Amino acid sequence: MAHRRSLVFLDTDIRSLEPKNRARYVALRDYLQHMLLDTVEAGRAEGVFTTPIPADAVRSVLVMCQGVANWFRPDGPLTAEEVAERHVLLSLGTVGYRDVVTGEAALPFQRWKATPTRPASLPS
């Protein structure tokens, strides 16, 4: 969303889209939501995720990620990649990923390092 800020208006202004474009947008949005919900429910079945309310957790993750486009600024204190990393942690916590909740997550990406202008606020 940090790289697609110009598209953030779509979800709040879908009424303004032509019927064919609105239907296409809604279908893609619903597909994404159902794909995430299926993933969270599969994770619950395997004991990886612990959220007792998967549909609400998925909606929360989607809204949180969409919101990035409203506040992110390329010249702000965080890079898009740093924001993405934080949102991965927040999203995993939202769905109840056990290792994030306990602080022992082994994430599939390298965490960012502190620089003189960007102090590390996440453990390395």
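No experiment lies behind these values; they were computed from the predicted model shown.
- E82 is listed as a side-chain neighbour of T79, based on a closest heavy-atom distance under 4.5 Å.
- Atom-to-atom distance recorded for N21:CG and E18:CD is 5.5 Å, nearest 0.5 angstrom.
- Taking the six-membered ring where tryptophan is involved, the planes of F49 and Y97 are perpendicular, since the angle between them exceeds 60° and thus also 30°.
- Counting all heavy atoms, side chain and backbone alike, T94 lies closest to S60 at CG2-CB, 4.2 Å.
- Legend: residues meeting side-chain contact (heavy atoms from CB on, under 4.5 Å) with L37, ordered by chain and number and at least two apart, are E41, P54, A55, V58.
- If you chain together hydrophobic residues whose side chains sit under 4.5 Å apart, V63 and V68 never meet in one group.
- Note that CG of L78 is 6.0 Å distant from CH2 of W71, once rounded to the nearest 0.5 Å.
- With hydrogens and angles ignored, the 3.5 Å screen pairs no side-chain donor or acceptor of E46 with any backbone N or O of G43.
- Listed for the T51 side chain is no donor-acceptor partner under 3.5 Å among the backbone atoms of V95.
- Looking at every heavy atom in both residues, S91 comes nearest to M64 through OG-CE, 3.2 Å.
- Of the inter-residue distances, the one linking T50 atom OG1 with R44 atom CZ reads 8.5 Å to the nearest 0.5 angstrom.
- Proximity of R29 to V26: side-chain heavy atoms (C-beta onward) are separated by under 4.5 Å at one or more points.
- Between L92 and V88 there is a side-chain heavy-atom pair separated by less than 4.5 Å.
- The distance from atom CG of L28 to atom CG of L32, rounded to the nearest 0.5 Å, is 9.0 Å.
- Scanning for salt bridge (charged side-chain N to carboxylate O under 4.0 Å, His left out) contacts around D56 gives R59, with sequence neighbours left out.
- Residues V48 and M35 share a hydrophobic cluster, clusters being chains of Ile/Leu/Val/Met/Phe/Trp/Tyr side chains in contact below 4.5 Å.
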